[in-house]
Amino acid sequence: QVQLVESGGGLVQAGGSLRLSCAASGSILSINVMGWYRQAPGKQRELVAGITSGGRTNYADSVKGRFTISRDNAKKTVSLEMNSLKPEDTAVYYCYADYLLRGSVAYIGGWGQGTQVTVSS
């Protein structure tokens, strides 16, 4: 069984910073893409940032220049450094990983349980 466990959410004032972390555990042979999504109340879940095992990154336009995604392949972790936070960044943030289980031949996707980020004005 694979688990993705997030940490680091919380309440911060506009202009502040937070760092989210996510650790994958279980019988994982390899992880391709890892990333962060978010879902605000009444809105669809959206991609915030993604990173491949080779370090290639992509960001939503709304967070470019403010957020930085990174990962440690050996530790199976992914982090999101969020700076210059805005009230519109308020959402539940979900970790995502596209992983290959030991004994399997196909990658499957998994989600963390989510962590709340609230930015006050």
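Tyr99 and Val2 get closest at one heavy-atom pair: CE1-CG2, 3.6 Å. Nearest heavy-atom pair across Phe67 and Arg38 is CE2-NH1, 4.1 Å. Taking every heavy atom of both residues into account, Ala24 and Leu4 meet most closely at CB-CD2, 3.3 Å. Of all the heavy atoms in Ile51 and Arg71, the pair that sits closest is O-NH1, 3.1 Å. In this structure, Val5 and Gln113 approach most closely via the heavy-atom pair CA-OE1, 4.0 Å. Listed here is the closest heavy atom pair of Met82 and Val117: CE-CG2, 3.9 Å.
A donor-acceptor pair under 3.5 Å links the side-chain atoms of Thr90 to the main chain of Val119, judged by distance alone. A donor-acceptor contact shorter than 3.5 Å links the side chain of Glu6 to the backbone of Gly114. No donor-acceptor distance shorter than 3.5 angstrom exists from the side chain of Gln3 to the backbone of Gly26, with no hydrogens or angles considered.
Between the OG atom in Ser62 and the CG atom in Leu47 there is a gap of 9.5 Å [rounded to 0.5 Å]. For the atom pair Ser30 OG and Leu100 CG, the distance stands at 4.5 Å (nearest 0.5 Å).
Considering only heavy atoms from C-beta on, Arg66 stays 4.5 Å or farther from Tyr59 through its side chain. Proximity of Tyr94 to Arg45: side-chain heavy atoms (C-beta onward) are separated by under 4.5 Å at one or more points.
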Quiz item: When you look at Ile31 and Lys76, which way does the side chain to side chain contact (heavy atoms under 4.5 Å, CB included) test go after all the steps?
Solution: CA-CA 8 Å; Ile31 301 177; Lys76 299 185 179 66; 4.0 Å; yes
Quiz item: Taking it one step at a time, do Ser70 and Glu81 satisfy side chain to side chain contact (heavy atoms under 4.5 Å, CB included)?
Solution: CA-CA 8 Å; Ser70 60; Glu81 185 73 33; over 6 Å; no
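With respect to Asp61 and Lys64, a salt bridge is recorded, a charged nitrogen being found less than 4.0 Å from a carboxylate O.
Of the residues listed (Val78, Ile69, Asp98), the one engaging Met34 in a side-chain contact (heavy atoms from CB on, under 4.5 Å) is Val78, and it is the only one.
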